[in-house]
Amino acid sequence: MIKPLIWKEWHEQRWKMAFGTVMLLFFTGSFLAARVTTQSELLIVLWFFGGLILALYSAMGVFAPEWTGRTTTFLVSKPVAGWKIFACKWLIGWLNFAVPMIVCSLCLQFVSLGWGAGNIIKGILVSLSMATMFYSMTCCFAPRKSSEAMVGFAGLIVVFGMLVHLMVINVTVIMENYQHLSFFRQMFMFINPVFWMMPISPLNSKIHEGILFIEQGLLFAVVIWIGLGKWQRRS
């Protein structure tokens, strides 16, 4: 039953992947032609804002259409574990923003940048991790049986929470010296998915990356557990 589920999701959502890829390439090409910013700055914008926008758009079309279309009962009646259905839907939704980000980053690197393969791969992984956390939080924190619009509103609330957290960080922490922060302050910062972008800059110690990976991994597990619990509850 896994292959039919994956095919169903792919058939319904593949246009979003194609649309996102075309839009990101068009946006990147337009800015390169206009020369309104440096190529490096453009890549950062692509990774940050492009990832967040596509992740929000993808999250709106993953679980909400099943509630609005009243097809959840049909899905849970199939002889397959509920977590597998959840995983298939989450995976296809993730591909809808991951593939455009990867394709556009590689195209930009091939055409004009000289960052080196290692830096590009690191940047893609970091930006994908940030977008993945935001995507998962939007999907899983949205109220159960939400419509597409309500999921989008939940995503905006998540963004607002991230911005408020950044404001608190700016008041209480000197950002330029984050390598030398205490363990508690590092943990407080890394709760915010935006701080996945921090490893793009050189770090003084691998312990900073280790803290980020462990804390964000635990946060991701909790977020998915909440979303799976909502999905498995019958209406």
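What you see is a predicted model, and the numbers here were worked out from it, not measured in a lab.
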Visitor: So, does Thr21 use its side chain to make a donor-acceptor pair with the main chain of Met17 at under 3.5 Å?
Guide: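 It does hold such a pair.
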Visitor: Please verify the inter-ring angle class for Tyr135 with Trp90; under 30° counts as parallel, over 60° as perpendicular, anything in between as tilted.
Guide: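 Judged by the thresholds at 30° and 60°, the geometry between Tyr135 and Trp90 is tilted.
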Visitor: When hydrophobic residues are tied together by side-chain contacts of less than 4.5 Å, even through go-betweens, does Phe48 share a cluster with Met23?
Guide: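 Not linked; separate clusters.
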Visitor: When you compare the side chains of Ser136 and Trp94, does any donor N or O come within less than 3.5 Å of an acceptor on the partner?
Guide: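 Per modelled atom types, Ser136 and Trp94 side chains form no pair under 3.5 Å.
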Visitor: So which atom in Ser127 and which in Met101 form the shortest heavy-atom distance, rounded to 0.1 Å?
Guide: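 Nearest pair, atom of Ser127 first, then Met101: OG-CE, 3.6 Å.
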Visitor: Please table the atom pairs, donor to acceptor, closer than 3.5 Å between any side-chain atom in residues 151-167 and protein atoms at least two apart or in another chain.
Guide:
unit_1: His165; atom_1: ND1; unit_2: Asn192; atom_2: ND2; d: 3.2
unit_1: His165; atom_1: NE2; unit_2: Phe188; atom_2: O; d: 2.8

Visitor: So, taking the atom named CD1 in Ile53 and the one named OG in Ser58, what distance separates them when rounded to the nearest 0.5 Å?
Guide: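 Result: 13.5 Å between the selected atoms.
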Visitor: Please walk me through it: do Val222 and Ile226 pass side-chain contact (heavy atoms from CB on, under 4.5 Å)?
Guide: CA-CA 6 Å; Val222 171; Ile226 292 173; 4.1 Å; yes
Visitor: Please determine whether side-chain contact (heavy atoms from CB on, under 4.5 Å) holds for the pair Cys139 and Phe63, giving the CA-CA distance in whole Å, both sets of side-chain angles, and the decisive distance to 0.1 Å.
Guide: CA-CA 7 Å; Cys139 288; Phe63 299 104; 4.1 Å; yes
Visitor: Measuring from atom CG of Asn96 to atom CZ of Phe19, what distance do you get when rounded to the nearest 0.5 angstrom?
Guide: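 One finds 12.0 Å between CG of Asn96 and CZ of Phe19.
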Visitor: Check whether Lys230 reaches the backbone of Cys140 with its side chain - one donor and one acceptor, N or O, closer than 3.5 Å.
Guide: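 Yes, because the side chain of Lys230 sits within donor-acceptor range (under 3.5 Å) of the backbone of Cys140.
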Visitor: Looking at CD1 of Ile92 and NE2 of His11, how far apart are the two atoms once the value is rounded to the nearest 0.5 Å?
Guide: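 Separation between the atoms: 13.0 Å.
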Visitor: Taking Lys89 for the side chain and Val62 for the main chain, is one N or O donor matched with an acceptor at less than 3.5 Å?
Guide: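 Checking the backbone N and O of Val62 against the side chain of Lys89, a donor-acceptor pair under 3.5 Å is found.
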Visitor: Can you tell me how far the CZ atom of Phe220 sits from the CZ atom of Phe213, to the nearest 0.5 Å?
Guide: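 Answer rounded to 0.5 Å: 14.5 Å.
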Visitor: Do Phe26 and Leu46 sit in one hydrophobic cluster, given that two such residues count as connected whenever their side-chain heavy atoms are within less than 4.5 Å of each other, even indirectly?
Guide: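 No: no chain of side-chain contacts under 4.5 Å links Phe26 to Leu46.
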Visitor: Going from NZ on Lys16 to CG on Leu54, what distance comes out if it is rounded to the nearest 0.5 angstrom?
Guide: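 Output value for this atom pair is 11.5 Å.
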Visitor: Measuring from Trp83:CH2 to Cys88:SG, what's the distance to the nearest 0.5 Å?
Guide: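 Taking CH2 in Trp83 and SG in Cys88, the distance rounds to 8.5 Å.
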Visitor: What about Phe97 and Tyr57, are their ring centers closer than 6.0 Å?
Guide: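 Ring-ring flag for Phe97/Tyr57: false, centres at least 6.0 Å apart.
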Visitor: Can you hop from Leu228 to Trp225 via hydrophobic side chains spaced under 4.5 Å?
Guide: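 They do share one cluster, since a chain of ILVMFWY contacts under 4.5 Å joins Leu228 to Trp225.
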Visitor: Please find the pair of heavy atoms, one from Gly51 and one from Ala131, that lie closest to each other, and give the distance.
Guide: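 Answer, listing the atom of Gly51 first, then Ala131: O-CB, 3.9 Å.
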Visitor: Going only through I, L, V, M, F, W and Y residues with side-chain contacts under 4.5 Å, is there a path from Met133 to Ile214?
Guide: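 As far as the 4.5 Å side-chain criterion goes, Ile214 and Met133 are not connected within one cluster.
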Visitor: Is it the case that the side chain of Gln216 and the backbone of Phe190 share a donor-acceptor pair, with hydrogens and angles ignored and the cut-off at 3.5 Å?
Guide: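 Yes, the answer is positive, given that a donor and an acceptor are paired below the 3.5 Å cut-off.
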Visitor: Measuring only between side-chain heavy atoms, which start at C-beta, is Trp47 closer than 4.5 Å to Leu128?
Guide: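 No. Closest side-chain heavy atoms not under 4.5 Å.
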Visitor: Following the transitive rule for hydrophobic clusters with a side-chain heavy-atom cut-off under 4.5 Å over Ile, Leu, Val, Met, Phe, Trp and Tyr, establish whether Val22 and Phe49 coincide in one cluster.
Guide: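 No, separate clusters.
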Visitor: When you look at Gln13 and Leu95, which way does the side-chain contact (heavy atoms from CB on, under 4.5 Å) test go after all the steps?
Guide: CA-CA 10 Å; Gln13 300 192 46; Leu95 291 174; over 6 Å; no
Visitor: For side-chain contact (heavy atoms from CB on, under 4.5 Å), just list the numbers for Ile102 and Val99, CA-CA rounded to whole Å, side-chain angles, deciding distance to a tenth of an Å, and then say yes or no.
Guide: CA-CA 5 Å; Ile102 294 172; Val99 171; 5.9 Å; no
